[in-house]
Amino acid sequence: MILMKDIIREGNPTLRKIAEPVTFPLSDEDRQLAADMMAFLENSQDPELAEKYHLRAGVGLAAPQVDVSKQMSAVLVPGPDEPIFKDVIINPKIISHSVQNAALAEGEGCLSVDREVPGFVPRPDRITLRYQDLDGESHKIRLKNYPAIVCQHEIDHLNGILFFDHINKQDPFAAPDDMIIIE
Ligand SMILES: CC(C)(C)[C@H](NC(=O)Nc1cc(F)cc(F)c1)C(=O)N(CC(=O)NO)CC1CCCC1
Ligand SMILES: [Zn+2]
């Protein structure tokens with residue numbers, strides 16, 4: 001079971017590496033890692049388990065965050081009933097995106113960053129994402145708004161990028177008038 005102590009933090013060089021592509025068929029180790037990463041997100045979104053195991057409620061976790069430099073991230077965006085998006089995205093690539101950007105009104109945080117870094121994190125509001133699932137099946141999906149933000153945050157981790165790399169240093173809350181602010 002992945003716990004917060006298993007998640008590496010800012011300063012660990014693995015977070016700044018470009019992760020290795022995953023080869024198929026998945027090794028038993030990679031399959032177990034994917035299951036453990038998704039289980040972490042599910043556990044962390046369960047109030048009782050989150051309290052019991054001191055977990056921060058997470059919507060995404062990338063393999064580099066548990067010190068495994070592989071192109072694999074688990075994403076679990078909860079919905080009112082069913083999750084809005086739930087999958088392990090392997091070897092993901094954003095193949096096209098909107099010119100228009102969006103940013104979360106609250107800014108972003110990260111399971112690997114134990115400090116607040118205020119500011120808008122501008123990202124394309126809409127993306128077309130190609131990735132492989134656990135069986136190696138290729139998917140091409142379009143995402144927008146919050147699910148698109150989450151997937152971009154996780155794909156950044158696979159490329160050694162952290163959310164605050166995108167914050168405007170001169171004016172952290174600079175917002176071009178065509179940027180969507182997601183409440
Ligand atoms: C850093 C943290 C605050 C833990 C953030 N959680 C989060 O946004 N919580 C949340 C939101 C919901 F809508 C429903 C829910 F159940 C929990 C998160 O998991 N991440 C993922 C991460 O750090 N991945 O590496 C940071 C988010 C910032 C923008 C996208 C992901
Ligand atoms: Zn993160």
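Both ligands and their constituent atoms are indexed starting at 1 by order of listing.
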S.K.: Judged on heavy-atom distance to atom 21 (C) of ligand 1, which of Ala62, Pro83, Gly107, Gly60 sits nearest?
M.R.: Gly60

S.K.: Less than 4.0 Å is my threshold; does some heavy atom of Tyr146 fall inside it relative to ligand 1?
M.R.: yes

S.K.: Give yes if a backbone or side-chain nitrogen or oxygen of Arg56 is under 3.5 Å from a nitrogen or oxygen of ligand 1, and no if not.
M.R.: no

S.K.: Find all atoms of ligand 1 within a distance of less than 4.0 Å from any non-hydrogen atom belonging to Gln65, and give their numbers and elements.
M.R.: 24 (N), 25 (O)

S.K.: Looking only at protein heavy atoms, identify the closest one to atom 1 (C) of ligand 1 and say how far it is in Å.
M.R.: Cys110 N, 3.3 Å

S.K.: Between Glu108 and ligand 1, is there a nitrogen or oxygen pair with a distance under 3.5 Å?
M.R.: no

S.K.: May I ask you to decide whether Arg16 forms a salt bridge with Asp165, counting only side-chain N to carboxylate O separations under 4.0 Å?
M.R.: yes

S.K.: Can you tell me if Gln71 uses its side chain to pair, donor with acceptor, with the backbone of Glu20 under 3.5 Å?
M.R.: no

S.K.: Using a cut-off of 2.8 Å, find all protein N, O or S atoms closer to the Zn ion (ligand 2) than that distance.
M.R.: Cys110 SG, His153 NE2, His157 NE2

S.K.: Does the side chain of Met179 reach to within under 4.5 Å of the side chain of Asp125, using non-hydrogen atoms?
M.R.: no

S.K.: Is there at least one pair of N or O atoms, one from Leu111 and one from ligand 1, spaced under 3.5 Å apart?
M.R.: yes

S.K.: If only side-chain N and O atoms count, and only distance matters, is there a donor-acceptor pair under 3.5 Å linking Ser138 with Gln132?
M.R.: no

S.K.: Considering only non-hydrogen protein atoms, determine which one is nearest to atom 26 (C) of ligand 1 and report residue, atom name and distance to 0.1 Å.
M.R.: Gly109 O, 3.4 Å

S.K.: Considering non-hydrogen atoms of the protein only, which is the closest contact for atom 10 (C) of ligand 1, and what is the distance?
M.R.: Val59 CG1, 3.6 Å

S.K.: How does Pro78 reach ligand 1, by side chain, by backbone, by both or by neither, if only non-hydrogen atoms under 4.0 Å count?
M.R.: side chain

S.K.: Against the six-membered ring of Phe163, is Arg123 placed for a cation-pi contact (under 6.0 Å from the centre, within 45° of the normal)?
M.R.: no

S.K.: Before giving the answer on salt bridge (charged side-chain N to carboxylate O under 4.0 Å, His left out), spell out for Arg31 and Asp36 the whole-Å C-alpha distance, their side-chain angles and the decisive distance to 0.1 Å.
M.R.: CA-CA 9 Å; Arg31 198 171 286 279; Asp36 290 348; over 6 Å; no

S.K.: Quick one: does Gln45 get an N or O within less than 3.5 Å of an N or O on ligand 1?
M.R.: no

S.K.: If you take all heavy atoms of Ala174 and Asn168, which pair is closest and at what distance?
M.R.: CB-ND2, 3.9 Å

S.K.: With a 4.5 Å cut-off on side-chain heavy atoms, are Lys140 and Leu129 touching?
M.R.: no

S.K.: Are the side chains of Gln45 and Val59 in touch, meaning some heavy atoms are under 4.5 Å apart?
M.R.: yes

S.K.: Pull out every atom of ligand 1 sitting under 4.0 Å from any heavy atom of Val150, numbered as shown with elements.
M.R.: 30 (C)

S.K.: Answer yes or no: does an N/O atom from Glu154 fall short of 3.5 Å to an N/O atom of ligand 1?
M.R.: yes

S.K.: Check for a donor-acceptor pair, side chain of Asn12 on one end and backbone N or O of Leu15 on the other, with a separation under 3.5 Å.
M.R.: no

S.K.: Does Asn91 reach the side chain of Phe24, with side-chain heavy atoms less than 4.5 Å apart?
M.R.: yes

S.K.: If the cut-off is 4.0 Å to any non-hydrogen atom of Ala57, which atoms of ligand 1 fall inside it?
M.R.: 4 (C), 6 (N), 7 (C), 9 (N), 10 (C), 17 (C), 19 (O)

S.K.: If you measure from the Lys or Arg side-chain nitrogens to the Asp or Glu carboxylate oxygens, is any gap between Arg9 and Asp114 under 4.0 Å?
M.R.: yes

S.K.: May I ask you to check if ligand 1 and Leu104 share an N or O to N or O distance below 3.5 Å?
M.R.: no

S.K.: Show the atoms of ligand 1 that are less than 4.0 angstrom away from any heavy atom in Gly58.
M.R.: 19 (O)

S.K.: Please state whether the rings of Tyr131 and His139 are parallel, tilted or perpendicular, taking 30° and 60° as the class boundaries.
M.R.: parallel

S.K.: Tell me whether Ser44 contacts the main-chain N or O of Gly58 through its side chain, where contact means a donor paired with an acceptor under 3.5 Å.
M.R.: yes

